[in-house]
Structure formats: C-alpha cells, structure tokens
Amino acid sequence: VEPLADETLGDAPAHVYFAAWGFGSAEHRYQLESRVWIRVSDGLPLRSELSFPGGTSLRTEYEYPDAAPDISVPQCAAPRS
C-alpha cells in the first residue's frame, strides 16, 4: 500500500492510498489496481476504485448520515425458569 497526495471529496479532506495486485500464471498474468479515499476526520472510507485490465473500473462511493440513527432495541423476554 502506497500513500498518495491527499485530496478533498466534496468538502471532506481525505487521505488517498494505492495498491496493486498481480494474478495469474507466467503466460497469463494480469494486474488489478486499487485506490481508496479515507476521510481524515474519522477514518471512514469515502470512495474506493478498482481498475481492471483493459481500462474498465469499478467505483464505490460511501455516504454517512449527519447524525447517528436512533434505533430502538426491543426488550428481550425473561428467560424461562
């Protein structure tokens, strides 16, 4: 994993990292490359991008709510005696 120059996504400063993986045999070798953007303030991922041989790529964008959701947990039944 190699750190790249920091970037800003929207209004969020992010650290950017690069990694490459080699797969296959001696005759049929290929490489996948990946970059990930990590939000500086809390370490959560903001974006990931996987590049495939031939020039195609897959990008995933992550979004988080401004406030933690309030999820009520039901009360468990009393254990049997």
Side-chain angles (χ1 to χ4, degrees):
V1 176
E2 174 186 341
L4 301 175
D6 287 353
E7 295 182 16
T8 301
L9 294 180
D11 59 355
H15 298 304
V16 185
Y17 299 93
F18 170 83
W21 296 273
F23 297 95
S25 64
E27 295 117 18
H28 304 286
R29 189 131 183 95
Y30 62 97
Q31 180 173 303
L32 298 178
E33 295 182 351
S34 173
R35 290 194 305 164
V36 63
W37 288 256
I38 304 295
R39 188 163 52 190
V40 172
S41 64
D42 55 15
L44 291 172
L46 293 172
R47 174 187 291 163
S48 65
E49 187 172 78
L50 185 60
S51 298
F52 300 98
T56 60
S57 64
L58 173 67
R59 178 182 282 181
T60 304
E61 303 279 347
Y62 301 92
E63 294 182 10
Y64 304 96
D66 292 332
D70 183 22
I71 301 173
S72 60
V73 178
Q75 189 173 24
C76 296
R80 294 183 182 174
S81 306

Ser51 side, atom OG; Arg35 side, atom CZ - distance, nearest 0.5 Å: 7.5 Å
Looking only at heavy atoms, the pair that brings Gln31 and Ala20 closest together is NE2-CB, 3.7 Å
Got a second to check how far Leu9's CG is from Ile38's CD1, nearest 0.5 Å? 10.5 Å
For a 4.5 angstrom cut-off between non-hydrogen side-chain atoms, does Leu32 reach Pro53? yes
Quick one: which of Trp21, Phe52, Phe23 gives a ring-ring contact (aromatic ring centres under 6.0 Å, His included) with Tyr30? Phe23
Tell me who clusters with Ile71, hydrophobic residues only, linked when side chains sit under 4.5 Å apart either directly or through other members. none
Can you give me the closest heavy-atom contact between Ala5 and Val16, atom names plus distance? O-CG2, 3.5 Å
For Pro13 against Asp11, the heavy-atom pair lying closest together: CD-O, 3.5 Å
Which pair of non-hydrogen atoms, one from Pro45 and one from Tyr62, has the smallest distance, and what is that distance? O-CB, 3.3 Å
Any non-hydrogen side-chain atom of Ser48 less than 4.5 Å from a side-chain atom of Tyr17? no
Do Phe18 and Val1 land in one hydrophobic cluster if side-chain heavy atoms of ILVMFWY residues count as linked below 4.5 Å? no
In terms of hydrophobic clustering (I, L, V, M, F, W, Y; side-chain heavy atoms under 4.5 Å; direct or indirect links), are Val40 and Leu44 co-clustered? no
Separation of Leu50 CG from Arg59 CZ (nearest 0.5 Å): 12.5 Å
